[in-house]
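In what follows, chains are A, B, ... by sequence order, proteins preceding strands, each numbered from 1. In what follows, every heavy atom counts, from backbone to side chain, and hydrogens, waters and symmetry copies are set aside. Since this is a predicted model, take the numbers as computed values, not measurements.
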Amino acid sequence: MSQTWAYLSNYLVYSAMGVYTLSFFAHAYETAWAVRTPESSDSTEGNLLTKTLDYKRTEKVARIATAFMILGFILLFAGVIARGVSAGRVPWGNMYEFSITGALAFSGAYLGALRKYDLRWLGLFVSISVLLTLGTAVAVLYRPSAPLVPALKSTWLVIHVSAAIISGGVFLLANVVAASYLYLENMESKGGRKEWAKRLPALEVLDQLSYRLVAFVFPLWTFAVIAGAIWAESAWGRYWGWDPKETWAFITWVAYAAYLHARVTVGWRGKKAAWLCIFAGSTFLFNYIYINVWGTGKHTYSGL
Amino acid sequence: MEQQIIPEIGSLGLLRFVWRQLTSMRTALVLLMLLGIGAIPGSLIPQRSQNPMEVSKYFTDSPTLATWMDRFSLFDVYASPWFSAIYILLFISLIGCVLPRTFELYKASRALPPETPKNLSRLEFYQAWEGNGSELELASTWFQKNHFRIRISDGSLSAEKGFLRETGNLFFHLALILILIGVSLGSLYGMKGDAIVNKGERFINTPTSFDSITYGKLFNESSLSPFSITVEDFIAKYDPVTNAPKDYVLTVSVISKPGATPELKTVRVNSPLTFGSTRVYLQANGYSPVVTVRDSTGAVALQGPIPFLPQDGNLRSIGAIKAPDAIPQVGFVGSFLPTYERSKGNGAISVFPEPLDPRLLLSVWLGDLGLDSGRPQSVYRIDTSVMRQIGLKALKPGQTFTYTGGSITFEGFLPWVNLQVVRDPGKSYALAGGIVAILGLLASLFARRRRIWIRINGSQIEVAGLAKNGAPGLHDEIAEFVTAIKGEK
Ligand code: HEM
């Protein structure tokens, strides 16, 4: 029974990877072709300009790309659920499971933001990141499905980890947006955007967006840290012990608090704010990768 | 003399200057970043409180470096003077920053919204139209229905909403102070102790019952709750495929205070026993071989369970059996293997944590155990430097090993559990602080402070609005407001 679910989960994850790959190619096609100036016999300037910025030709491909992304998300979601069913618990017992759930949260954050903002251009990046994460998970981190050790059996674990994973997905999305800001800012300061970049949102929009994303999940991250403390109290007899993982969760929290202060109270915008945002996001990634793989402490359940 | 150059500032002035610097937003931000950076070394360098073995390895591998690192408290970062200095300064800064603002906000929240500006047309969201005279009344109703605070003046209304933002922000920062108070109370008045208890034994919560105990500076022994716990049963289940633990269930009978009737309770890893602000956790488990040692005279020199310490996931456990009353003194360095197997490279190992085929491996040492020297020694080790090894033996339960000078019988074994008793009187404050912090944060990030004005200017109705911090959404709100007072559908 549980074996069947584990296999089903694997197939679903593989299929999701296939679909994300299709989405990646569709996005790549869109990015590459949307901006080519069609050969035109009419060489008056006005005409050339409108043709350069005419994306209608690739609109269909772009929609297909997003549709693939949604399908991939659904498959991956089912895969994560099946993994949980196979082990009879929440699917966050080791690093393989964290990674597939993290990839799910990241593409979910993207799809969520896509509803409100015109972010389709980010799809290329999102699909490749999800593919790389899933690839690493399947190739390097895979562990057979197994039940949890007693310390991990807790409702607070479910709450804590789901909050942390969602926060992580959104933090990373904010990082991607901030990085795009820096890239485009650099391009503009060197004499203007290249053709393909002209349709990307204005710098101010990106700047605001990365702030909004952070402001939106900072309370959730705070909650994740507190839920973790509650869990630690019931499992280990102390709610805070400066374990490396806890320490880095705190560092991430402080870094984002500093980012919010820098924006709200000191008025940082643009480049400085983007760098601070990226720095804060890196502390999150560091925690995930370094502490899980090489770290010591009570939180190393990665199964590696 | 030097001092005469700065008499005007005076010590009071200097103090005021330092205070103002310390409580400025910028200083707070720098301190906040410092706190984050200061926390880093402790996560990369082993810490005494978590990993004392790794720390001593530093001292044996490179003593000079380790000594220097120790001078900067790098092995006790979170209890170090410099780390404490950062967070104490931060919280002084926070208090100095937030308390005055709390009073200001309180005053502001009781004041009326500001007067309607003279020239509304210069403001955002300005609209004007020919009215019919009922607008002010309708506006007043709408404002009340939507919980705006209103100032009524001649021919105009000014309304304001969204104090929740500042209130939330202040509560968030006050909550941080509450968390710190909770943490400090816990570390000053708290205690934590560990005790290994065999199945069938009773633990009484007094300082001498603990194998190890640490407590805060202001902890008072009389505040240990007088409960006692008898270990009735302990069941550990393991996965037969991965050998990983599946479930630990500890059944205890508890007497919550002297004279009370015993109650049967179950303890699991995530569900401790609670006695007020003291909790008892199931923290570890292992086996205690039960042995009987007889000496050369045939007298029983030692009898009972001896806790052994687990070394791996399959509970290969090591320990020491010391019989100082035997004549001559005898000691046994032992390993207990719950499921015995001989492996080629590693000698005797355990292949499963449950006792499917238990063995007790012993090496027998005669001579001075060193227990009378007064030097502290581990109960799990024997200093064999002045002793003589006289035998090696693997025993199954029920078997006896006879050596020159006595015998040892492996009677059987009992499970033991490590009970961790933790008293933390501050944690409910910290938790309350955490909850308030999140609520405050939500309010401060998502509430919007805004004002709407309406004035009758002859037959003209004028409306305008102002959103603080460029908060979005006022446009729609004003549109709704205007629709309402125009009486349109
Ligand atoms: C310790 C971690 C801290 C965190 C996580 C934190 C978080 C925040 C956040 C999220 C805001 C934005 C509220 C808004 O949108 O208006 C804020 C504002 C503010 N913080 Fe902090 N804060 C911290 C420490 C401090 C300290 C130490 C001080 C005092 C010196 C301080 C003073 C302020 C003030 C005065 C504001 C309001 C600024 C404004 O409304 O423009 N904060 N804080």
Less than 4.5 Å apart, side chain to side chain, heavy atoms only: is that true for [X] and [Y]?
X: B/Tyr281; Y: A/Glu233; result: yes
X: B/Leu35; Y: A/Phe250; result: yes
X: B/Leu32; Y: A/His261; result: yes
X: A/Trp240; Y: B/Val183; result: no
X: A/Thr247; Y: B/Tyr78; result: yes

Distance (rounded to the nearest 0.5 Å) between [X] [atom1] and [Y] [atom2]:
X: B/Gln47; Y: A/Asp243; atom1: CD; atom2: CG; answer: 11.0 Å
X: B/Ile438; Y: A/Trp221; atom1: CD1; atom2: CH2; answer: 12.5 Å
X: A/Phe223; Y: B/Leu441; atom1: CZ; atom2: CG; answer: 13.0 Å
X: A/Phe218; Y: B/Leu442; atom1: CZ; atom2: CG; answer: 11.0 Å
X: A/Trp236; Y: B/Gln283; atom1: CH2; atom2: CD; answer: 9.5 Å

At a 4.5 Å cut-off on heavy atoms, which part of B/Ala437 comes close to chain A: side chain, backbone, both, or neither?
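Neither; nothing under 4.5 Å.
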Checking B/Ile40 against chain A: side chain, backbone, both or neither under 4.5 Å from a heavy atom?
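For B/Ile40, the contact with chain A is made by backbone and side chain together.
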For B/Ala79, which residues count as a side chain to side chain contact (heavy atoms under 4.5 Å, CB included) partner, sequence neighbours excluded?
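With neighbours one apart ignored, the set is empty.
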Taking side chain to side chain contact (heavy atoms under 4.5 Å, CB included) as the test, write out the residues that go with A/Ala229, two or more places apart.
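Per chain and number, A/Ala229 pairs via side chain to side chain contact (heavy atoms under 4.5 Å, CB included) with A/Tyr239.
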Structural part of A/Leu220 lying under 4.5 Å from a heavy atom of chain B
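No part of A/Leu220 comes within 4.5 Å of chain B.
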With a 4.5 angstrom heavy-atom cut-off, could you sort out which part of A/Tyr259 is near chain B: side chain, backbone, both or neither?
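Neither part; nothing is under 4.5 Å.
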Considering all heavy atoms, the nearest A/Ala215-B/Leu445 contact:
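Answer, listing the atom of A/Ala215 first, then B/Leu445: O-CD1, 3.4 Å.
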So which heavy atom on A/Ala235 is nearest to which on B/Asn270, and how close?
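Reported closest heavy-atom pair: CB-OD1, 3.1 Å.
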Given the options A/Pro219, A/Gly237, A/Ala255, which has more heavy-atom pairs under 4.5 Å with chain B than any of the others?
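Heavy-atom pairs under 4.5 Å are most numerous for A/Gly237.
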For atom [atom1] of [X], decide whether the heavy atoms of other residues, nucleotides or ligands shown that lie under 6.0 angstrom number more than 12.
X: B/Arg26; atom1: CZ; result: no
X: B/Tyr215; atom1: OH; result: no
X: B/Phe219; atom1: CZ; result: yes
X: B/Tyr238; atom1: OH; result: yes
X: A/Phe279; atom1: CZ; result: no

